[in-house]
Amino acid sequence: MISSLRKNAIANIGARKSCSEDLGKEEPITQIYGEDVFNMKTMKDYLPKPVYKKLMATIRNGSTIDPAIADDVANAMKRWAISKGASHYTHWFQPLTGSTAEKHDSFIEPDFEGGVMMDFSGKSLIKGEPDASSFPSGGIRATFEARGYTAWDPTSPAFIKRSSKGAVLCIPTAFCSYTGEALDKKTPLLRSIQVLSVQAKRVLACFGEDCDGMVIPSLGPEQEYFLVDRELYLTRLDLVQTGRTLFGNVPAKNQQMEDHYFGVIRSRILDFMNDVDQALWRLGIPAKTRHNEVAPAQFEIAPIFEALNLAVDHNMIVMEVLRQTAEKHGLVCLLHEKPFAGINGSGKHNNWSLVSPDGKNLLDPGCSPHENALFLTFLSCIIRAVDKHADILRSAVAYAGNDHRLGANEAPPAIISIFLGDQLTEIIEQIEKGSAKSTRDGGTMHIGVDALPLLPKDATDRNRTSPFAFTGNKFEFRAAGSSQSCSGPNIVLNTIVAESLDELATEMEKIPAKQRLDALQGILQKIIKQHKKVIFNGDNYSKEWEKEASKRGLPNVKTTLQALKVMTQPKTEKLFEKYKVLSKVELHSRYEVYVESYTKTVLIEGKVARDIASTIVMPAALKQQILLAKAVSSLDAAKVKTGSAAIRSRLSDVSELIEKTMESVDRLDKKIEAHDPEAVLKEMLELRWAVDGLESMVDDSNWPLSKYAELLFIY
Ligand code: ADP
Ligand code: MG
């Protein structure tokens, strides 16, 4: 019986011994760091010098690999992988499901004497051909022509994935159809990085800064997650099937004491975190920060930022390592955006900036007037991009799980606005008025001639309610969901900023080089006048902001289906087509895939809710009803009046909730049948209300589902 499962789970956790036997036995970090990555150092060791040089140039310029060196690279990769114990290789890619995909092939090749050789050709490295019929394509590829191709992405190094009994060489790849359309998240991301680089370099050239190489966006994604004990997790069909609890009352003590945030990390969790860090370091992932988050049982991990494409791949691996390491520790890692109603959900803060070919952070205000001018130029372009395309940016975080979080007073609202901090806002306002005044000495400042006052980093970092915040030398997009791939938001961000930089460069290039700095003030003034409405430094959670934003004409799109619609609008098609990030066909196919995935997710949740209510909750509730009914009739038989009215009233409350539950289940069934996700979600709330009511009335020893207090506090 499930309710005994719940009791057993608690007993087992109580009896559990700490699993930290290998305390202190960890190898030095500098030795293990990157040991499972075919990184530059390893390539240098394994590749002939000319091949190594050619490969480095390919990586630096983002060009395609010369087939002439592919065999050498493949051979080196194979030798290295085998030395690490690998028997298989896989083209590791990121289909539109939002997770990663892999199909393993062993290196073996018959030697025709009854044995095998280990083989891996350049052809197999560069291109794979998995049967792709079961990946979502949004209609691009009919299943009868199900061929898909994977193409090696040399900007993200190959790595080894280990299990207790073997290892696989993973080669990061892009995934496209027979006709060349992107079927994955990496392809458009790489395209968007390319186009952003081209446009940013044009702007740099206007400032007299021509240099070789690319402007590369940087990304540091902060990842939030929950950990629950596996035994308790297994008593919850909703967690197992949907990743979130569909029922459950918020416990008396939840997060109101604010004692979990940055609190002392429990030893079981610390053991888990140590294992996670070790695994990530072996994979060359620079895990840096770890801490307890606001909600009980909620945590965060953040790496040091890296080149965007690599950081996105690494975040996919981080999520996988979190899940797998949790399992080893008898825990389950919940990456869902809202695993518990009434308790803070999880997000992924997308820290983004731009790095020039000579390694300068273009969003660093710098100290010289020249650097300041460049900074204000990029800043203004980003403001224009976000204001112009707030709706597209919003669509990139539209996701069933995220709907429970955005705008729920714990996460940024669905209104996209930019936080700049008071000082920077003042400077922006002065540019708008015609000249920027230094806030330090009160004199008049000319862009490119005078220096900006020093912007204190801390002062810009304190508004936690903004969805898009400038935090000293980077922008932090905070609306992304914890389980989402970072690709989507960054494809949009790169493309809209590329467009804005393109517009600016086009304007600047028309002006003779010597007069450009003088003209800049006027150009930025125009941009700010038009787009400053997107800047908001106040409390994004407040009702007043919602009103104010609507006055300013900022979109406030609350649900996934509404938010995704912008993907089918001509302005979006034009934008992505112009910069060759997504063709119209690719964009539409994505729209189809995301809408379908949303619908499927909600319908699955609806079915699980129905099943739990009918087959797990109802039996327990009926037992309670019978118990109370028996008590009433016993009291009546014994002619005891005292207390009988109270029990009768209890019985009627329980009976009413049982009735409401059954009625709601019937309605839910119809809405599932009608394939109407929004109606299903609404009915699930009705059902939840009844079931949660029963939770607080049914004998605790008969309640079959682990309660929030247990899931959040017993581990
Ligand atoms: P918090 O937002 O919690 O205050 P930090 O300021 O420490 O945290 O940074 C959060 C993340 O931002 C980290 O992953 C960090 O590496 C990343 N980050 C810092 N600088 C940059 C940058 N220039 N580009 C992209 N990410 C950055
Ligand atoms: Mg942050």
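For the numbers below, each heavy atom of this structure counts, side chains included, while hydrogens, waters and symmetry mates do not. Each ligand, and each atom within it, is numbered from 1 in the order the structure gives.
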Quick one: does His349 get a heavy atom under 4.0 Å from ligand 1?
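The answer is no: ligand 1 sits nowhere under 4.0 Å from a heavy atom of His349.
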
contact_flag Arg478 ligand 1 heavy-atom lt 4.0 Å
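No; Arg478 lies far enough from ligand 1 that no heavy-atom distance drops under 4.0 Å.
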
Numbered atoms of ligand 1 (with element) below 4.0 Å of [X], judged on heavy atoms:
X	result
Glu476	2 (O)
Ser353	22 (C), 23 (N), 24 (N)
Asn361	23 (N)

Out of Phe305, Phe475, Trp352, indicate the one that has the non-hydrogen atom closest to atom 26 (N) of ligand 1.
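Among Phe305, Phe475, Trp352, the closest heavy atom to atom 26 (N) of ligand 1 belongs to Phe305.
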
What I want to check is whether the side chains of [X] and [Y] have a donor and an acceptor closer together than 3.5 Å.
X	Y	answer
Lys474	Thr471	yes
Asp422	Thr425	no
Thr155	Asn309	yes
Glu300	Thr289	no

Do Leu554 and Asp387 have side chains that get closer than 4.5 Å, going by heavy atoms?
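Counting from C-beta outward, Leu554 and Asp387 do come under 4.5 Å.
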
Any N/O of Ser218 closer than 3.5 Å to an N/O of ligand 1?
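Yes, there is a polar N/O contact under 3.5 Å.
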
N/O to N/O below 3.5 Å, does that happen between Ile304 and ligand 1?
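Not met; the criterion fails.
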
Part of Glu306 within contact of ligand 1 (heavy atoms, under 4.0 Å):
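Near ligand 1, Glu306 shows nothing, with every heavy atom at 4.0 Å or more.
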
Which one of Phe468, Trp545, Tyr541 satisfies the ring pair (Phe, Tyr, Trp, His ring centres under 6.0 Å) criterion with Phe536?
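So the option named by the test is Trp545.
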
For a ring pair (Phe, Tyr, Trp, His ring centres under 6.0 Å) check, start with the C-alpha distance between Phe340 and Phe226, then their side-chain angles and the critical distance, and finish with the verdict.
CA-CA 10 Å; Phe340 303 98; Phe226 279 84; 5.3 Å; yes

